[in-house]
Number of protein chains: 2
Amino acid sequence: MNIGEIAQRAGVSRSTVSYALSGKRPVSEETREKIQRVIDDLGYRPNASARALANGRTSTIGLVFPPAGDHYTGMQLDFIGSVVEAAAAYDYDVLLSPSGVDSDRSFQRLLGERRVDGAILMEIRLQDDRVEHLLAEGFPSVCIGRTAQPENDWWVGLDHTALTAACVHHLADLGHRRIAFVNRPERLLRAGYESAHRGLDGFTKAAAERGLTVRTYTCGDDAPSGQACLERILHDDPATTALVTLNEAALGGLYRGLAHAGRHVPRDFSVTGVVAARWAETVTPQLTAADVPAAELGRLAVELLVERLDQPQTPPRHQLLTPPISLRASTGPVGTPAPMVADPDLNA
Amino acid sequence: MNIGEIAQRAGVSRSTVSYALSGKRPVSEETREKIQRVIDDLGYRPNASARALANGRTSTIGLVFPPAGDHYTGMQLDFIGSVVEAAAAYDYDVLLSPSGVDSDRSFQRLLGERRVDGAILMEIRLQDDRVEHLLAEGFPSVCIGRTAQPENDWWVGLDHTALTAACVHHLADLGHRRIAFVNRPERLLRAGYESAHRGLDGFTKAAAERGLTVRTYTCGDDAPSGQACLERILHDDPATTALVTLNEAALGGLYRGLAHAGRHVPRDFSVTGVVAARWAETVTPQLTAADVPAAELGRLAVELLVERLDQPQTPPRHQLLTPPISLRASTGPVGTPAPMVADPDLNA
DNA sequence: GAACGATGTCGAACCGGTTCGACAAGGGCC
DNA sequence: GGCCCTTGTCGAACCGGTTCGACATCGTTC
C-alpha cells in the first residue's frame, strides 16, 4: 500500500495526497476529507525511507555511546532514556551507535550513509577526534561534555571542575585534612576523558587551596574494584578521613571496603562525590553528592540539536550545568583521629 | 556525491557500480579495481535511505522498551547494550522506541512507516496487545519474555517461576519458615507484567509445597520504596526471617531498611532474589541470587531475530534460560528466633 | 469585460540506490 | 562453422515518496 493506491481510491493524483498530508499547498476541505477517509480505512502510513530519500531528512538522530566493553553506569542509562524521550517529543527517532574510536565502522555508517540528521555524542575526551571530525564536516551534532577547545562547538556539560572543588570545600569545611580522590578507570583517564580530567583538576586545585593532604586513585567501574581501591587508600594512608568519587559504579565497593575496615560512615569517614541522585540514594548511608542531572542533560542535548537542525546557521550554543551538592548522610565533621596514626595536621 | 558520480568518474554505468559493490553479478577484476579506486578517493558511501527504498530492507532493528516514566533498572541497561553490540555484529543498527501501550505513536512509526526490518520487545505482559498485534501481522519480532500463550511466537526469556521457586527452596533448606516476597511495582503487576506474575507464582507454589508462611508485597522501583516496603514487612510480621525480591532497584532500600531495623544480614535475616550479577555485587553483603543474564538474553534475542529475518519461513523458535543461584553472602541458616515472637514453626 | 491573483489540482521530474532483460564478446563443443 | 553457455556491461524501470511548473477555475478590481 503506497501513496499511489491512496490517490487512486480517493480519485485524485499522488501529489494531491502528498499535499493533503503535508499541508504545503492548499487542498480543498472536501478533497482532504475524502483522502483522509481512505487513509483511515486502509491504515496507510507513508514509507519512511522513501520520504527520507525525497526530502533529505531522516527524522532520526544518532546517539553515539561508548562500546559495551565498558561497564555502563547508571548515568548513561538515564541519559539514553531522557534522550529518547525528548527526541520523541520532537518527532525524532533515536539510533544507537556503539562507538568509541574515530572513523570506526558504525560511526561511518551513521554519518556516511546518512542514516541520521544529527548526532549526540557521549563520553567526550579532551582531545576527541570524533568531535574534530564532525566539526570539520559541519555535521550537526551536540556533545554531552566538552573538549579542551569548546568555544565554537555545540555541547551541554557538567562543570566537573567546580563540582569536585565543591566536594573538597565541603569536606574541608567539616575539618577533613587528608582526603582521597577516586577517579574513573585509568584507561579512561589515559584516553583523556573529560570528566576524569576536569574532575581531577578541580579536586587537586581546591585541595591545594585549602592546604589539604591528598592522594588520587583510579578505579575500575565496578564494585570489586571499588573495594580494592578503598583498601589501597587506607593502606597508603590510614589517616585518610574522607574521599571524593567520580566513580558511580564503584560506590558500592567503596562502602563495602569501609565497612570491612571497620570505618563507620559518616562518623569515622566521610564520602562524597559526583553521582546521579537515584544512585546516591541506593547506598546506606545515602550519599551526600553533587547530583548529576543526567535526564536534564539528555533533554538539553536534544533541544540544542533540534535547534541546530532547524536553523543550520545559528552560531554554536552550549550550556554548562553546576548542580549544587545535595546534603544527605555520608559526610560529617571529622571526629577522633584515625586509629593508627596521630597526625598533627588533623587538629590544625 | 552519489552512485552516478562514481559511475561517471570510473567510466562505467551506474548498474555496474552497484554490481561491483554488491557482488550480485560478476564484474571484471579490472573494472572493480577502477571503481574501488574512485570510491576510495571520494570516500563514497551509499545512501541508506535510497538503498532501503530500493531493496526493502533497512538494516535496522527496533528495540521497543518501556517509557522513561518508569525507572530504568540496571538489567534494562545491560539489555540495551548487549542488543546494540550483537546487532552491530550482524550489521544492523538499533532504533530505540519508547513504548508501552499498543498502537501508540512510536510503535506505529516503527512498523507502519517501515523504519525497521524487525523488532525486539522488552517488558512483556502476559496478555500483550503489542505482541498479539505483531503476531497477527506476521511482523518479524522477538520478545524478551513470553506471554501466556508463547508456543507459536519467537522469544527468549527467563524461567521466573523456576527462579523464584529455587530461591524459596534455598531459603527453606536453610530453615527459614516465614518469608516475604518483594515484587515489582503494583502498577506493573496489575498491567500483567510477565516476570512479576510468573515470579509470584513460582514463589507462592514453592512456599506452599514447603509449608512456609509467606506474605507478598509490591514495591516501587527505587530505594526509598524498598526501605518503606521492608518496614511494612517487619511491621506485618516481625518474625519474618527472609525475603525474595524481583525488584533490583529496590534492593538498596531493602538493605537500608534491614540495617535500620537492626537486623544483620545474613545472621538475622536472609535476602535473595532474581537480580543481575553486577548489581548483586554492589550491595554489602553481596546478594545471593539467581543472576539475570541480561547480556546473554540480549544477544540471544538478536540472534533469533536475525535468523528470522534471514529465513522468513522458519517455524517459531524460543529459548528459556534458568540460571543457577549464585551463592554469595546474603543468606544463611536461620539463627535464633526473631526477637519479638517465638514461633513454634521455626524449629519444625 | 479584460486583467489579475488566489485557490486547487495534476503530471512529470527527481531523490539515489537495485534489479531485470538485453546484448556483445569470447570459449567450448560437436 | 554454427550453436550454446558464460562473462561482463549497459539502459531502463522501479522503489515510494516530495516538489516544481503548468493550468483551469473563480472571484476581484478598475
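Chain letters run A, B, ... following the sequence lines, proteins first and then strands; every chain starts at 1.
- Among the heavy atoms of the strands lying under 4.0 Å from A:P26 is at least one base atom, whether or not backbone atoms are also near.
- Spacing between atom CZ of B:R14 and atom C1' of C:dC14 amounts to 11 Å, rounded to whole angstrom units.
- Listed nucleotides: D:dG16, D:dA12, C:dG17. Nearest to the side chain of B:S15: D:dA12.
- The backbone N or O of B:V27 sits nowhere less than 3.5 Å from a side-chain atom of B:T31 that would complete a donor-acceptor pair.
- Between D:dT18 and A:K24, no contact under 4.0 Å exists linking OP1 or OP2 to a side-chain N or O.
- Note on B:S18: a base of the nucleic acid sits closer than 4.0 angstrom, heavy atoms only.
- Each of D:dT18, C:dG16, C:dC20 was ranked by its minimum atom distance to the side chain of A:R51; first place goes to D:dT18.
- By the 4.0 Å N-to-carboxylate-O rule, B:R9 lies too far from B:D41 to be salt-bridged with it.
- Residue B:T16 places at least one side-chain N or O under 4.0 Å from the OP1 or OP2 atom of D:dC10.
- Of the candidate nucleotides C:dT19, D:dT9, C:dG17, C:dG17 has the atom nearest to the side chain of B:P46.
- The backbone N or O of B:H318 sits nowhere less than 3.5 Å from a side-chain atom of B:W154 that would complete a donor-acceptor pair.
- In this structure, of C:dG8, D:dT18, D:dC15, it is D:dC15 that holds the atom nearest to the side chain of B:A54.
- Interface remark: the B:S28 side chain does not form any donor-acceptor pair with the D:dG8 base, using a distance-only criterion of under 3.5 Å.
- When heavy atoms are screened at a 4.0 angstrom cut-off, A:T31 is found touching the sugar-phosphate backbone but no base atom.
- In this structure, the nucleotide among C:dG11, D:dG17, C:dG17 sitting nearest to the side chain of A:Y44 is D:dG17.
- Closest contact between the side chain of B:R25 and the listed nucleotides C:dG17, C:dC10, C:dC20 involves C:dC20.
- Between A:R146 and A:E194, at least one side-chain nitrogen of the basic residue sits less than 4.0 Å from a carboxylate oxygen of the acidic one, meeting the salt-bridge criterion.
- Taking only side-chain atoms of A:V12, from C-beta outward, the nucleotide of D:dG17, C:dC10, D:dT9 with the closest atom is C:dC10.
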